[in-house]
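Okay, structure first, notes after.
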2 protein chains.
Amino acid sequence: MFIPQQKEEFFQMPTSTTKRDDILDSALTLFAERGFDATTIPMIATDAKVGAGTIYRYFANKEVLVNTLFQHYVTLFKETLEKDYPEEAGIREQFHHLFQGMIRFTNEHDHALYFIKTHTSAYFLDAGSREQFSHLLMILENFFEAGKQQGQIRELPSKALIAIIFGGFLQLYQLIRVGELEASAELLAGVEESCWDAVRHHS
Amino acid sequence: MFIPQQKEEFFQMPTSTTKRDDILDSALTLFAERGFDATTIPMIATDAKVGAGTIYRYFANKEVLVNTLFQHYVTLFKETLEKDYPEEAGIREQFHHLFQGMIRFTNEHDHALYFIKTHTSAYFLDAGSREQFSHLLMILENFFEAGKQQGQIRELPSKALIAIIFGGFLQLYQLIRVGELEASAELLAGVEESCWDAVRHHS
DNA sequence: TTTATAGGAATGAATATTCATTCCGTTTTT
DNA sequence: AAAAACGGAATGAATATTCATTCCTATAAA
């Protein structure tokens, strides 16, 4: 009696989920590489190997698609940063955790951070997307504010510090994606040190 | 005899030059604010207070327009960095010169650096634009290479160092443009120090 | 000095193209 | 066999580009 129902759920979900995910994956890559406006729905459909109409079975329109994608990855990134955050550790170790989070997230979701960064102030983002993004910023702001109070972080507005780290890191990662640099452990360790020196308090 | 001819040149030139410049100015602002693909020719025409067709008197098409703009400002930026470069001074002073160059250039040409940054790897850039841009990078690479040889700059690939500085600075400038931060001398001095600490060799 | 004319610049309506979205016949799943 | 999911051609709106016409300004003619 229950077996058919289980089977139904079991087989139905993957089919649609897979197709939906194919669309999201293709959209992520194309949006990151060419930007929202330069990416057409037919392009996404072709890349995802689905018909153009199929995209509209899963997303009401192009804007819903991009906002879904944006919120999905912002949330995921936020979770990556928060997971196992060493609340009790020293500031340097906390910074390491955040920085490693960026690297891990970028490795696992190739174009995601770049997509987020390049679309952060886009005109088509809805309230939900903006809110998710401000949550993300808040995590980072909290870190820097606490660090400044401890006298361990440079006295600059947290927004400025975030911009320096993020801007720098993502610009660098673009070079890696394009193949101009190789993401060796050595390079990444050096970059972390560089970013840390950019934000820490120097006596 | 000669007076009429002088008059002719004097009055004719400004008319056409001004119109072309109006178009370029409007295009710069709109491309920086909305990106190439989200900016329509009629938008540019309206902003520049010219007819849409007039734009095609000066530029063969939208891509030629954006490439002209790109090359113009990359060249100008390059010149800003090179002008009065203190060849003989210490590395910190040279860095200061370059950093001040970024700031001065950004102040004088509001949207230019941001436009350059956001369109640096765009699909529509032609060979000329890419070449101009690589010249720009070379100036910065030379600086960092020399600094590394003197043991004054961190041992990271120059491209990585450039990415960190530029990415950080431009991300920050975006915040200023959006109004989230104010470009006080204090802030800028702090950011310069932060960037310097990011790239210099720490013993 | 005034009036006519030429030629380049500018215009914006008209056209061609591109793209998001819809629709419907086909295929797949149940 | 019925229902759901798909695909991709068709549609209409938005956009880049063209072009016939108008407008200016500077010279030529009167």
Side-chain angles (χ1 to χ4, degrees), chain A residues 1-27 30-31 33-69 122-124 126, chain B residues 1-27 30-31 33-69 122-124 126:
Chain A
M1 273 206 263
F2 296 108
I3 292 170
Q5 294 191 341
Q6 284 180 341
K7 199 173 163 186
E8 179 187 328
E9 278 190 359
F10 183 74
F11 280 103
Q12 207 169 28
M13 291 288 285
T15 305
S16 59
T17 292
T18 279
K19 207 140 275 204
R20 193 186 126 105
D21 286 353
D22 288 347
I23 293 166
L24 285 171
D25 285 352
S26 295
L30 288 165
F31 287 158
E33 281 176 354
R34 326 193 12 127
F36 176 77
D37 292 295
T39 302
T40 69
I41 292 285
M43 274 180 207
I44 298 171
T46 302
D47 191 272
K49 300 190 188 7
V50 301
T54 304
I55 291 177
Y56 289 85
R57 291 197 56 74
Y58 294 98
F59 305 97
N61 56 49
K62 198 182 168 188
E63 295 210 352
V64 167
L65 169 58
V66 75
N67 277 284
T68 302
L69 204 55
Y123 62 92
F124 46 75
D126 62 23
Chain B
M1 273 205 262
F2 296 107
I3 292 169
Q5 294 190 341
Q6 286 181 339
K7 201 173 163 186
E8 176 188 327
E9 279 190 358
F10 183 74
F11 280 103
Q12 211 167 26
M13 292 286 285
T15 304
S16 59
T17 294
T18 278
K19 207 138 272 203
R20 192 185 128 107
D21 286 352
D22 288 347
I23 294 166
L24 285 171
D25 284 351
S26 295
L30 289 164
F31 287 158
E33 281 175 355
R34 328 193 15 132
F36 176 77
D37 292 290
T39 301
T40 69
I41 292 286
M43 273 180 210
I44 298 171
T46 301
D47 191 272
K49 300 188 190 6
V50 302
T54 305
I55 291 176
Y56 289 87
R57 291 197 57 74
Y58 293 99
F59 306 98
N61 55 49
K62 201 182 167 189
E63 296 211 350
V64 167
L65 169 58
V66 75
N67 277 285
T68 302
L69 205 56
Y123 62 93
F124 47 74
D126 61 24

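Below, chain A is the first sequence line, B the second, and so on; all start at residue 1.
- Look at A:Tyr58 and you'll find a side-chain N or O under 4.0 angstrom from OP1 or OP2 of D:dC6.
- Nucleic acid contact for A:Thr46: none, since no nucleic acid atom lies under 4.0 Å from a heavy atom of the residue.
- Remark on DNA chain C: of its neighbouring residues A:Gly53 and A:Met43, the 5'-side contact belongs to A:Met43, judged by nearest-heavy-atom nucleotide.
- In this structure the side chain of A:Ile44 reaches within 4.5 angstrom of the side chain of A:Leu65, judged on heavy atoms.
- A:Arg20 has its side chain within reach of A:Phe59: a pair of non-hydrogen atoms, C-beta onward, lies under 4.5 Å apart.
- B:Thr40 comes within 4.0 angstrom of sugar-phosphate atoms only, judged by non-hydrogen atoms across all strands, and of no base.
- Counting heavy atoms from C-beta outward, A:Lys62 and A:Ile41 have side chains that approach closer than 4.5 Å.
- Between A:Lys19 and the phosphate of D:dG7, there is a side-chain N or O to OP1/OP2 separation shorter than 4.0 Å.
- Relative to the side chain of A:Lys62, the nucleotides C:dA20, D:dA16, D:dC6 differ in distance, and C:dA20 lies closest.
- Among C:dA20, D:dA5, D:dT17, the nucleotide with an atom closest to any side-chain atom of A:Arg57 is D:dA5.
- Contact annotation: B:Tyr56 reaches the phosphate of D:dT17 (side-chain N/O to OP1 or OP2, under 4.0 Å).
- You'll find the side chain of A:Asp22 stays beyond 4.5 Å of the side chain of A:Lys49, heavy atoms only.
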